Every structure is written in structure tokens, then in C-alpha cells.
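Computed from a predicted structure; not experimentally measured. FYI, the numbering just counts along the sequence from 1.
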Amino acid sequence: MTRDELLDMLDEAQTDEEIKEIGEKLLELEPGSPYGKLAVWETMEYEQAVENLDMLREALDAIRAVVEARELPSLIDDDRDALVYSTVMMNLGYSLLAEGEVEEAYEVAKEFANFDDEGAFPSRTLLYRCMLELELYNDILASLEADPLESVVGEHARAIALLESGADEGEVREAINYAISLSPDVPFFIINIWDFPEADEDIDEELEDVVNDATYLAEPWCASDKRLAALSAPVFLFGYLTKRLTDEKEIQTLKEGYEGAGVSERIEGAMKRLDEMEKAGRDPEETDAEALSLTADILDELLA
């Protein structure tokens with residue numbers, strides 16, 4: 001059986017057993033095959049996969065050479081080599097990050113994000129998560145300015161970088177508010193207002209994206225009291241305004257705090273405005289956007 005026939009079979013394979021078997025046949029035919037190495041690696045249990053990251057390193061070197069040898073840029077959606085190249089980088093980068101090999105993960109992430117110029121893969125999540133881990137705050141800000149793609153993790157990284165770089169408090173709050181606006185449910189998982197779903201729970205694609213972003217942002221945001229406080233203030237107020245909070249004791253504590261700060265009337269007016277929008281059948285995203293705007297105004301008044 002030829003290499004191309006095996007690759008076509010690999011495209012159609014459904015089970016780990018089939019994928020592994022075809023991958024092994026590819027490696028018998030071509031011991032350095034990046035397609036075979038990736039196929040076999042992806043069928044391994046976690047511990048075995050971590051012990052065999054050299055397979056991905058070797059696969060990356062091999063498939064990079066194939067992609068770079070082309071005269072025209074590869075389109076990930078339409079090209080097997082480009083897809084394998086991206087998948088190898090994704091698996092290697094995230095595995096290295098999970099194992100604490102952050103500097104090597106960062107090198108992979110830069111290559112990954114540069115190739116993934118349409119955002120078909122979670123390359124930005126890996127890139128900015130590595131940069132946060134390495135405390136490359138100035139580089140985060142420079143990278144975001146040059147990056148044509150926007151991402152939830154990237155905008156949260158911007159907010160953290162501004163906070164750690166000593167930016168103006170108003171600029172930091174604006175960055176946090178904008179990051180929240182891209183995926184309003186993410187911070188509720190980050191600061192444990194909401195529990196992460198159990199591993200065996202069925203979740204839809206939208207919630208899966210939210211949970212994934214929150215997973216990679218939880219550790220950076222909770223790394224210090226300063227960061228946690230900066231994120232918590234707008235999240236709790238936004239949650240209060242949009243009724244995302246359900247714990248009665250928590251709600252009562254916030255209510256008393258807002259009364260003590262002299263903004264309770266402003267908050268009640270904001271809630272009335274949001275209720276009117278909801279009753280009028282306004283789009284939930286539009287209501288959330290208005291709630292975040294009101295949150296920013298109230299916090300500016302409170303913290304000025």
C-alpha cells in the first residue's frame with residue numbers, strides 16, 4: 001500500500017485503533033513520517049504521550065520542512081500538510097505548557113500563531129498564556145498591537161500586562177471591561193463564582209469555548225491579590241446588574257457594600273434600565289454590552 005493510500009485511509013479513520021494501525025504502517029513505510037508520528041502519538045494515553053514528546057518534536061521538524069518548501073502559502077482548511085503542521089504545533093505547545101516547559105512552549109507558540117494567521121486553531125491562547133507565564137508584559141502589548149486577530153485570552157493578557165506595567169487605573173479598567181465584553185461568562189468561572197463543569201458533563205460548543213478560555217486564564221488572574229481584586233470588582237458588579245449571581249449571601253453582602261459606598265441608587269437605576277431592555281426583547285448581547293458600560297461608569301465614579 002502506498003503512502004498516499006495510507007494517508008487517505010487515515011483521513012477516513014474513525015477509531016483510535018484504526019488511526020494507530022495506519023500510523024504504524026506509515027512509519028514502517030517511512031520511519032520519519034510526520035503523519036505517522038502524529039497519528040500514533042495522538043492515540044497514546046496521557047502519561048505515555050508526555051513521555052514521547054520527542055515524536056512530536058521530530059514530526060514538527062519534518063512537516064515544517066514540507067510546508068516551507070512550497071512556493072505558495074498553505075491554506076489550513078484545504079491542505080493536509082498545513083493541517084498536520086498546525087496540529088503538531090498545537091499538541092506539542094500545549095503539552096509543553098502543561099509540563100512546565102514554558103520557554104520551549106513559547107517558541108512553538110510563536111511559530112504556531114505566525115502560521116495560523118486566520119485563527120483556525122487556538123494559537124493565540126497558547127501564545128499569550130505562555131507570555132503571561134514568562135511575565136513578558138511589554139512583549140504582550142507589542143504583540144497585540146501587531147496581531148491582526150483578536151482573542152479572549154489575548155485581551156485578558158493585555159489587561160494583566162497593563163496592570164503589571166503600572167498603567168493608569170482607568171486604562172486598566174477599560175482593558176478589563178473590554179476583555180470581559182468578548183466573552184462575558186468567562187470571568188465568572190475564573191474567580192469561582194460559577195463552578196467548572198465536571199469532566200463527564202455534556203456541554204455545547206459555546207460553553208466549551210468559555211470553559212477553555214477560563215481554564216487558561218484562571219491561574220494568571222488569580223496569581224496575586226492585586227490581579228484578583230482588579231478583575232473581581234467589575235465582575236461582581238456586572239454579575240449583580242445582570243442577575244448572574246445566585247448566592248443570596250453574596251448578593252446581600254454586595255448590596256450592603258454598594259449602599260455603604262453611596263452608589264446603590266445608581267445601581268438600582270442601572271438595573272431598571274437593563275430590565276426595560278430585557279422586557280423590550282433586546283438581544284442579550286446588547287443588554288450585556290449596556291450592562292458592561294454601566295459597570296464601567298459606576299466603577300469610575302466609585303473609584304475616582
Looking only at non-hydrogen atoms, find the nearest pair between [X] and [Y] and report the distance.
| X | Y | result |
| --- | --- | --- |
| Leu182 | Ser151 | CD1-O, 3.8 Å |
| Gly32 | Ala62 | O-CB, 4.0 Å |
| Ala261 | Leu302 | CB-CD1, 3.3 Å |
| Leu144 | Gly154 | CD1-O, 3.4 Å |
| Met131 | Ser143 | CE-CB, 4.1 Å |
| Ala291 | Leu241 | O-CD1, 3.9 Å |

Is it true that [X] and [Y] fall in one hydrophobic cluster, defined by side-chain heavy atoms closer than 4.5 Å?
| X | Y | result |
| --- | --- | --- |
| Val50 | Leu56 | no |
| Ile176 | Leu228 | yes |
| Met1 | Leu27 | yes |
| Leu149 | Leu127 | no |

Are the side chains of [Y] and [X] in contact, using a 4.5 Å heavy-atom criterion?
| X | Y | result |
| --- | --- | --- |
| Phe121 | Leu83 | yes |
| Arg158 | Glu145 | yes |
| Asp8 | Asp11 | yes |
| Phe236 | Glu250 | yes |
| Pro234 | Leu299 | yes |
| Ile267 | Leu237 | yes |
| Lys255 | Ser264 | no |
| Leu53 | Trp41 | yes |

Check side chain to side chain donor-acceptor pair (under 3.5 Å) between [X] and all other residues, then give those that pass, not counting sequence neighbours.
| X | value |
| --- | --- |
| Glu104 | Arg57 |
| Glu58 | Lys37 |
| Thr2 | Glu5 |

Say you draw a straight line from [atom1] of [X] to [atom2] of [Y]; how long is it, rounded to the nearest 0.5 Å?
| X | Y | atom1 | atom2 | answer |
| --- | --- | --- | --- | --- |
| Met9 | Ile22 | CE | CD1 | 4.5 Å |
| Asp288 | Ile180 | CG | CD1 | 11.0 Å |
| Leu10 | Glu21 | CG | CD | 11.5 Å |
| Glu47 | Glu45 | CD | CD | 9.0 Å |
| Leu7 | Arg3 | CG | CZ | 5.0 Å |
| Tyr106 | Phe112 | OH | CZ | 15.5 Å |

TODO: State whether a side-chain donor-acceptor pair under 3.5 Å links Glu256 with Gln252.
DONE: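 Yes, side-chain donor-acceptor contact under 3.5 Å.
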
Task: Side chain Gln14, main chain Glu12, donor-acceptor under 3.5 Å - done: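 Between the backbone of Glu12 and the side chain of Gln14 there is a qualifying donor-acceptor contact (under 3.5 Å).
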
Open item on the list: Quick one: does any side-chain atom of Ser181 pair with a main-chain N or O of Tyr178 as donor and acceptor, under 3.5 Å?
Closed with: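 Indeed, once roles are kept as given, a pair shorter than 3.5 Å links the two residues.
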
TODO: Any pair with a residue in residues 223-235 that passes salt bridge (charged side-chain N to carboxylate O under 4.0 Å, His left out), sequence neighbours left out, goes on the list, sorted by first then second residue, please.
DONE: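 For residues 223-235, and leaving out neighbouring residues, the salt bridge (charged side-chain N to carboxylate O under 4.0 Å, His left out) pairs sorted by first residue read Glu164-Lys226, Glu164-Arg227.
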
- [ ] Would you mind listing every salt bridge (charged side-chain N to carboxylate O under 4.0 Å, His left out) that reaches into residues 124-141, with sequence neighbours excluded?
- [x]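 Residue pairs passing salt bridge (charged side-chain N to carboxylate O under 4.0 Å, His left out), neighbours aside: Arg124-Asp147, Arg129-Glu133, Arg129-Glu219.
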
Can you list, pair by pair, the side-chain donor-acceptor contacts under 3.5 Å of residues 187-196, counting residues two or more places apart and other chains?
residue, atom, partner, partner atom, Å
Trp194, NE1, Arg244, O, 3.3

Flag if over 12 foreign heavy atoms under 6.0 Å of [atom1], [X]:
| X | atom1 | answer |
| --- | --- | --- |
| Glu174 | CD | no |
| Glu265 | CD | no |
| Lys110 | NZ | yes |
| Glu278 | CD | no |

- [ ] Test side-chain contact (heavy atoms from CB on, under 4.5 Å) on Met90 and Leu126 and set out the steps.
- [x] CA-CA 8 Å; Met90 179 177 68; Leu126 178 64; over 6 Å; no

Could you list the donor-acceptor pairs under 3.5 angstrom formed by side chains in residues 268-276, with sequence neighbours left out?
residue, atom, partner, partner atom, Å
Asp275, OD1, Lys243, NZ, 3.0

Open item on the list: Show me the pairs that pass ring pair (Phe, Tyr, Trp, His ring centres under 6.0 Å) and involve residues 271-291, at least two apart or across chains.
Closed with: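 Counting only pairs at least two positions apart or across chains, no ring pair (Phe, Tyr, Trp, His ring centres under 6.0 Å) contact touches residues 271-291.
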
Task: Residue pairs passing the ring pair (Phe, Tyr, Trp, His ring centres under 6.0 Å) test where at least one lies in residues 258-291, sequence neighbours excluded - done: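 Pairs touching residues 258-291 that pass the test: Tyr240-Tyr258.
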
TODO: Kindly write out the residues that satisfy ring-ring contact (aromatic ring centres under 6.0 Å, His included) with Tyr85, not counting sequence neighbours, or none if the list is empty.
DONE: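 In terms of ring-ring contact (aromatic ring centres under 6.0 Å, His included), with neighbours along the sequence ignored, Tyr85 is linked to Phe115.
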
Task: By side-chain contact (heavy atoms from CB on, under 4.5 Å) - contacts of Glu285 (at least two apart) - done: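 Partners of Glu285 under the side-chain contact (heavy atoms from CB on, under 4.5 Å) test: Asp283.
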
Open item on the list: Check this for me, if you would: do Glu111 and Arg64 make a salt bridge, where the nitrogen-to-carboxylate-oxygen distance has to be below 4.0 angstrom?
Closed with: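 Looking at Glu111 and Arg64, the cut-off is met.
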
TODO: Before giving the answer on side-chain contact (heavy atoms from CB on, under 4.5 Å), spell out for Val40 and Met55 the whole-Å C-alpha distance, their side-chain angles and the decisive distance to 0.1 Å.
DONE: CA-CA 9 Å; Val40 172; Met55 287 185 69; 4.1 Å; yes

Open item on the list: With side chain to side chain donor-acceptor pair (under 3.5 Å) as the rule and sequence neighbours excluded, what pairs involving residues 206-218 come up?
Closed with: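 As it turns out, there is no side chain to side chain donor-acceptor pair (under 3.5 Å) pair with a partner in residues 206-218 once direct neighbours are skipped.
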
- [ ] Start with the C-alpha gap between Val66 and Ile63, add the side-chain angles, then the distance that decides, and say whether side-chain contact (heavy atoms from CB on, under 4.5 Å) holds.
- [x] CA-CA 5 Å; Val66 172; Ile63 194 64; 4.3 Å; yes

Task: CA sep, side-chain torsions, deciding dist, call: Val102, Leu97, side-chain contact (heavy atoms from CB on, under 4.5 Å) - done: CA-CA 5 Å; Val102 185; Leu97 177 62; 4.3 Å; yes

